[in-house]
Amino acid sequence: MATAQIQESGPSNPAVRTAKQMGRFNRWDTPWLNTKLLLGVGIIALILLFGIFGRLFWDTKLALTGKSPLNLPPVGLTTTLGGKLTGTWAHPLGTESSGRDMLALIIVGAPNSFLIGIIASTVGMGLGILLGFTSGFVGGRADDIIRLLSDVAITIPSLLVLIVIQSLLRQVEITTIALLISLFAWPTPTRLIRAQVLTMRESGYVQMAKLSGASTFSIMFREIMPNLIPYLFASFIGNATGAILAAVGLETLGLGPQRIPTLGGTIYFAIQGAALLRNMWWWWGIPTLLLAIMFVGLLLINLGFDEIANPRLRQSSQ
Amino acid sequence: MRGITLNYFLRRLGIFFLTIWIAGTIIWLIPHLAPGDPISAMVARLASRSGFVENSAEIIQGWKERFGLNDSLPVQYVRYLGNLVHLDFGYSMANFPTPVSELINQALPWTIGLLLIATMITFVLGNFLGAIMVWRRTPRMIKYLIPVGMMFTSLPSILAALFLAYVFSFLLNWFPLIGSYDMGMKPGLNGPFILSVIQHGTLPALSIVIVSFGYWTLGMRGMMITVEGEDYMSLARAKGLGPFYMLYRYMVRNAILPQITAFAITLGTLISGQVLVEYAFSYQGMGTVIYNAILNQDYPVIQGTSFILIVVTALAVLIIDLIYPLIDPRISYGAK
């Protein structure tokens with residue numbers, strides 16, 4: 001039902017459309033079937049499936065130090081690094097300087113990065129929804145305080161505060177990192193939701209609900225919330241991207257989880273081990289490539305949601 | 001001044017100081033919330049690395065004395081805030097007795113210089129591309145090429161840094177890999193030195209530009225599409241105004257304003273990204289200082305550099321917010 005409501009209450013479109021383009025009766029012609037969105041979801045799903053099912057076919061213990069020969073290149077390639085070494089099928093993506101198998105590393109590492117993003121983004125969004133609705137709907141003193149706090153929090157570069165925290169904590173779990181990151185993930189959704197709630201508060205159907213005696217809670221979550229869904233999704237993905245970005249930043253500085261393999265952590269060890277100068281491109285290149293694909297997928301999802309939420313962008317892209 | 005009331009100015013200034021105060025307090029609070037005191041933890045870490053530290057009990061006592069850790073917490077907190085005002089962060093533990101502020105003094109100009117150049121290129125390039133993506137006169141081919149160039153958008157800057165370093169430094173050997181100028185060169189305002197700085201700065205700056213210009217292109221495109229649909233654009237076309245005149249006077253000038261607000265909001269991410277790029281290239285800026293401090297468990301340095309970067313960000317946002325009403329005459333804050 002939510003999609004139908006969005007079409008009706010979305011920004012009015014000045015461009016003239018033919019009946020065929022309007023296509024209200026074609027169930028496949030919904031804005032949710034957006035090419036960019038589907039492509040992005042596909043990419044992310046592939047990486048996740050690779051991480052989940054990869055464990056069934058590949059021994060993830062190989063991701064630990066010293067479980068494999070050192071410095072092997074990917075299969076079929078030869079390096080002259082410390083004697084002539086040729087890659088074998090036993091380690092198809094090669095190994096690094098302390099004997100970790102690259103394939104096992106990325107199978108274990110890729111879902112970890114997502115996990116951080118999803119936990120941090122969920123908690124951040126939860127806070128954002130709570131604060132944004134309070135600020136936009138309740139207003140008054142609460143609005144002043146929330147706005148002030150989000151103005152303050154949004155300008156603090158979160159990575160720097162996280163660096164300070166992490167350099168003291170050192171031994172951390174994935175959930176701890178995710179929760180720490182989520183402390184900085186609420187201001188953007190708060191602002192966004194507040195702005196949307198402020199516009200919707202004055203709209204006809206909310207006034208109508210008020211007149212019919214609906215409770216504040218019911219107006220907030222049953223009337224306004226469904227219309228915010230594309231914004232919430234876009235904001236969620238944007239937030240998850242930011243959280244993964246922060247996590248990767250910490251990991252590449254060597255401040256990520258120490259015992260659990262992560263993609264950023266692999267890059268950190270590669271920089272430490274001078275992989276660039278030793279031409280061990282697979283060591284830093286494979287996690288970099290995987291992260292890059294992951295971020296392209298997230299960007300596509302984000303752009304897709306933008307087009308769903310803003311019909312003008314959609315139209316001119318055709 | 002036009003558009004700025006005293007009220008708005010004071011509120012903005014208040015937010016600036018509140019930001020710095022909250023950031024400073026978080027940075028101070030965390031070591032005190034963590035179990036154990038920072039000094040013992042540090043000595044323990046030293047011991048675990050070198051096997052044994054002689055007279056560790058005396059060292060701990062001495063440091064505690066020196067840092068006044070035997071005083072009550074409120075006293076320590078007030079003294080800490082007082083030190084922050086004087087930008088006194090104590091001494092580096094790894095390079096004792098170098099004061100932290102001296103390390104910052106050496107690194108900060110490099111960071112700010114790189115940041116200014118990279119962000120200016122990013123902002124101008126990104127908005128320009130976003131504008132011509134919507135402009136009717138743009139050749140079709142360019143409109144298709146721009147999205148391809150945006151492939152790197154929203155990537156962590158360190159990934160772009162590694163990729164560029166590999167291709168342009170390692171494989172092609174066009175640019176130097178490490179540092180901000182040739183080793184053994186004397187810093188000064190002469191031709192060879194400036195050339196060397198440019199050579200060393202190109203890849204770090206490029207890493208920042210290619211991951212962030214797409215963000216501005218997308219935002220600008222969205223704004224331009226909105227402006228394109230306005231009635232005054234139809235009028236301008238009906239009047240037969242020149243396409244370049246319309247592009248600049250009618251479209252870009254209106255579309256660019258929200259981009260400037262967005263700029264203030266993304267500055268924090270930008271600075272975080274740059275810290276990582278500097279570390280990847282061992283550029284002489286704050287990023288490398290922070291990285292070395294992390295390696296050496298040099299807590300005062302981590303604290304000081306992070307705090308200064310937070311202040312720089314807050315200051316930049318303050319400046320943008322204060323000049324914004326001057327750029328956009330429609331905005332007048334505080335005049336209700």
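Just so we're on the same page: letters track the sequence lines, and every chain starts at 1. This structure is a prediction, so every number in the text was calculated from the model and none was measured.
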key: Option in B:Leu309, B:Leu270, B:Ile271 with maximal non-hydrogen atom pairs under 4.5 Å from chain A   = B:Leu309

inquiry  = Taking the six-membered ring for Trp, are A:Trp284 and B:Tyr166 closer than 6.0 Å centroid to centroid?
reply    = yes

message = If we define contacts as heavy-atom pairs under 4.5 Å, which of A:Ala153, A:Pro187, A:Pro157, A:Gly264 has the most with chain B?
response = A:Pro157

inquiry  = A side-chain contact here means heavy atoms from C-beta on lying under 4.5 Å apart; do B:Ser306 and A:Val161 qualify?
reply    = no

ask   = Where does B:Leu267 contact chain A at under 4.5 Å (heavy atoms): side chain, backbone, both or neither?
value = neither

key: Which atoms of B:Thr226 approach chain A - backbone, side chain, both or neither, heavy atom under 4.5 Å   = both

key: SB check A:Asp306 B:Arg221 (cutoff 4.0 Å)   = no

task = Could you check A:Ile156 against B:Thr313 for side-chain contact (heavy atoms from CB on, under 4.5 Å), going step by step and ending with a plain yes or no?
result = CA-CA 7 Å; A:Ile156 298 180; B:Thr313 317; over 6 Å; no

ask   = Which distance, rounded to the nearest 0.5 Å, do you find between the OG1 of A:Thr241 and the CG of B:Leu155?
value = 11.0 Å

task = Assess whether atom CZ of A:Phe233 is packed by more than 12 heavy atoms of other residues, nucleotides or ligands within 6.0 Å.
result = no

side-chain contact (heavy atoms from CB on, under 4.5 Å) between B:Leu162 and A:Ile271, worked out = CA-CA 9 Å; B:Leu162 286 173; A:Ile271 294 177; 4.2 Å; yes

key: Note, B:Phe307 side chain near A:Leu160 side chain (heavy atom, < 4.5 Å)   = no

task = Could you tell me which portion of A:Leu162 (side chain, backbone, both or neither) has an atom closer than 4.5 angstrom to a non-hydrogen atom of chain B?
result = neither

Toward chain B, the part of A:Leu303 with a non-hydrogen atom under 4.5 Å = side chain

request  = With side-chain contact (heavy atoms from CB on, under 4.5 Å) as the test, would you mind laying out the steps for A:Leu245 and B:Thr269 before giving the verdict?
outcome  = CA-CA 9 Å; A:Leu245 195 71; B:Thr269 325; 4.1 Å; yes

task = Please name the pair of heavy atoms, one in B:Tyr279 and one in A:Thr252, separated by the smallest distance, quoted to 0.1 Å.
result = OH-O, 2.5 Å

ask   = Top residue by heavy-atom pair count (under 4.5 Å) with chain B, among A:Leu253, A:Leu291, A:Leu148?
value = A:Leu253

message = Measuring from atom CG of A:Leu299 to atom OH of B:Tyr215, what distance do you get when rounded to the nearest 0.5 angstrom?
response = 12.0 Å

key: Minimum heavy-atom distance B:Leu295-A:Tyr268, with the two atoms named   = CD2-OH, 3.8 Å

note = Assert top hit (heavy-atom pairs under 4.5 Å, partner chain A, pool B:Gly268, B:Ala314, B:Ala280) equals B:Gly268

remark   = So, the part of B:Ile20 with a heavy atom under 4.5 Å from chain A: the answer is neither

ask   = Rounded to the nearest 0.5 Å, what separation is found between the CG atom of A:Leu183 and the CD1 atom of B:Ile26?
value = 8.5 Å

message = Need one label for B:Leu276: side chain, backbone, both or neither, based on atoms under 4.5 Å from any heavy atom in chain A.
response = side chain

key: Value rounded to 0.5 Å, distance of CD1 in A:Ile163 from CD1 in B:Ile294   = 5.0 Å

message = Is it true that, when you exclude A:Glu173 itself, more than 12 heavy atoms of the residues, nucleotides or ligands shown sit nearer than 6.0 Å to its CD?
response = no

Part of B:Leu171 within contact of chain A (heavy atom distance under 4.5 Å) = neither

request  = With rounding to the nearest 0.5 Å, note down the distance linking CD in B:Gln274 to CG in A:Leu159.
outcome  = 12.5 Å

query = Can you find a heavy atom in the side chain of A:Glu251 that is under 4.5 Å from one in the side chain of B:Ile158?
reply = no

ask   = Between B:Leu318 and A:Thr155, does a side-chain contact (heavy atoms from CB on, under 4.5 Å) hold up when you go through it step by step?
value = CA-CA 10 Å; B:Leu318 175 72; A:Thr155 50; over 6 Å; no

query = If you measure from CG on A:Leu255 to OH on B:Tyr291, what distance do you get to the nearest 0.5 Å?
reply = 10.0 Å

